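Right, one structure below, let's go through it.
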Amino acid sequence: ADMLANTRVGFIGAGQMAEAIARGLDKAGVVPANKMCASDVNVGRMKVFESLGTSVCSSNTKLAETSNVLILAVKPQVAEKVVTDMKPSLSKDHLLVSIAAGIPISKLQDWAGEARIVRVMPNVACMVGETAAGMSLGKTATPADSDLVTTMFESVGKIHVVDEKLLNAVTGVSGSGPAYIFMAIEALADGGVAAGLTRDVAMSLAAQTVLGSAKMVLETKKHPGELKDMVTSPAGTTIAGIRELEDRGFRSALINAVVAGAKRGEEMSKY
Ligand SMILES: NC(=O)C1=CN([C@@H]2O[C@H](COP(=O)(O)OP(=O)(O)OC[C@H]3O[C@@H](n4cnc5c(N)ncnc54)[C@H](OP(=O)(O)O)[C@@H]3O)[C@@H](O)[C@H]2O)C=CC1
Ligand SMILES: O=C(O)[C@@H]1CCC=N1
């Protein structure tokens, strides 16, 4: 972690993801809030960061003057203007970590000039230290840059180095995936309410079931199919439910959602 000793992190855009990452890094003690700075077009968003203990900058350009690691956390649609406007204040001493969905490293490098580039696709669970992320390195990114970004995101979950052409697949599975699980938790709870539980008990049971199931996969290292078979007693309740899910294409719905997200990421990279 001493590699982070001289790191000052600047958030270009202080929205949902920037906040999730900032909170996670600070909570993990990897980058304290007082070594972070945020810049956003919304004063309200910068006030949120100030309440976290970070400083704020009145412009993205000023951010480049105070921070050596910049996290591009604006929407993809505005990324080109934001980065090109910062280009004059970027140098080889800057590491630009982009979390913008679908924006290729080659474009980021054109826009940013000399800055070193690392592209990360995290997810919103950075906020609770359980993100699932993928990363790819730009040509001028150094091994130290790779270690730094790995350390940063390992402090808020898990990160995998992947070939850049697979980052859209990462977006499909884990970038967007939390939304699909949030919907599943809400639907499981609705089922619980339909069967007579109060909403709060149903929601708690549903969320805990997803958490427990994920831990079973990660900690037992058993195949999810094998774990599913551990639950399905002969002529029991689970297989009755599974038949409903199979009839409605539960599995293909999730498969297609991931592929659709990856495809959309591919489209976004062609802007
Ligand atoms: N949400 C998620 O779960 C994930 C998002 N991402 C990626 O992270 C990025 C940010 O997403 P998210 O946090 O959800 O988006 P948000 O809209 O919450 O955050 C972006 C923030 O940047 C502000 N902004 C707009 N223009 C500028 C500018 N010129 N300079 C500085 N700030 C500006 C926005 O203001 P305003 O609202 O007024 O435009 C907003 O406050 C996106 O590229 C997305 O693809 C990646 C993984 C997961
Ligand atoms: O929906 C999006 O485009 C962003 C990227 C991954 C999650 N949210």
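Each ligand, and each atom within it, is numbered from 1 in the order the structure gives. What you are looking at is a predicted structure, and each value in this text was computed from that prediction instead of being measured.
For ligand 1, the atoms lying closer than 4.0 Å to a non-hydrogen atom of Pro76 are 42 (C), 43 (O), 45 (O). Every atom of ligand 1 with a heavy atom of Met121 under 4.0 Å away is listed here by number and element: 46 (C), 47 (C). The contact set between ligand 1 and Ala101, taken as ligand atoms under 4.0 Å from a residue heavy atom, comprises 43 (O), 45 (O). Close approach of ligand 1 to Ile99 is summarised as follows: ligand atoms under 4.0 Å from at least one heavy atom of the residue are 6 (N), 7 (C), 8 (O), 46 (C). In summary, the atoms of ligand 1 found under 4.0 Å from a heavy atom of Val82, numbered by their order in the structure, are 28 (C), 29 (N).
At least one donor-acceptor pair closer than 3.5 Å links the side chain of Arg45 to the backbone N or O of Gly15. A donor-acceptor distance shorter than 3.5 angstrom exists from the side chain of Ser55 to the backbone of Met36, with no hydrogens or angles considered. Under the 3.5 Å distance criterion, the side-chain polar atoms of Lys107 are matched with a main-chain donor or acceptor of Ser269. Side chain of Asp163 to backbone of Lys165: a donor-acceptor contact under 3.5 angstrom is found. With Thr131 contributing its side chain and Ala133 its backbone, the two residues share no donor-acceptor pair below 3.5 Å. A donor-acceptor pair under 3.5 Å links the side-chain atoms of Ser174 to the main chain of Val170, judged by distance alone.
Neither the backbone nor the side chain of Thr171 comes within contact range of ligand 1; no heavy atom lies under 4.0 Å.
When Asp40, Val170, Asn60 are ranked by how near their heavy atoms come to atom 30 (N) of ligand 1, first place goes to Asn60. The residue from Gly265, Gly13, Ala73 that puts a heavy atom closest to atom 20 (C) of ligand 1 is Ala73. Checking Met268, Lys75, Met17, Met46 against atom 1 (N) of ligand 1, the nearest heavy atom belongs to Met17.
Considering both main-chain and side-chain atoms, Asn42 comes within under 3.5 Å of ligand 1 through a nitrogen or oxygen pair. Where the criterion is an N or O separation shorter than 3.5 Å, residue side chain and backbone included, Gln16 meets it with respect to ligand 1. Where the criterion is an N or O separation shorter than 3.5 Å, residue side chain and backbone included, Ile12 fails it with respect to ligand 1. For ligand 1, none of its N or O atoms has an N or O atom of Pro122 under 3.5 Å away.
The nearest protein heavy atom to atom 7 (C) of ligand 2 is closer than 4.0 Å. Distance check for atom 2 (C) of ligand 2: every protein heavy atom is found at 4.0 Å or beyond. The protein does not reach atom 39 (O) of ligand 1 closely, with no heavy atom under 4.0 angstrom from it.
A salt bridge links Arg199 with Asp190: the closest approach of a Lys/Arg side-chain nitrogen to an acidic carboxylate oxygen falls below 4.0 angstrom.
Looking only at protein heavy atoms, the nearest one to atom 5 (C) of ligand 2 is Ala101 CB, 3.8 Å. For atom 24 (N) of ligand 1, the nearest protein heavy atom (residue, atom name, distance) is Val41 CG2, 3.7 Å. Among protein heavy atoms, atom 19 (O) of ligand 1 sits closest to Gly15 CA, 3.2 Å. Protein heavy atom nearest atom 43 (O) of ligand 1, with residue, atom name and distance: Val74 O, 2.7 Å.
Of all heavy-atom pairs between Ile99 and Met17, the closest is CD1-CB, 3.6 Å. Residues Asp145 and Thr140 approach most closely at OD2-O, 4.4 Å, considering heavy atoms.
A side-chain hydrogen bond (donor to acceptor under 3.5 Å, both in side chains) with Asn168 is found for one member of Arg264, Lys263, Glu266 and no other, namely Glu266.
Val48 and Ile71 are not part of a single hydrophobic cluster, where members link through side-chain heavy atoms under 4.5 Å apart.
We find the CG-NE2 distance between Asn68 and His94 to be 7.5 Å, quoted to the nearest 0.5 Å.
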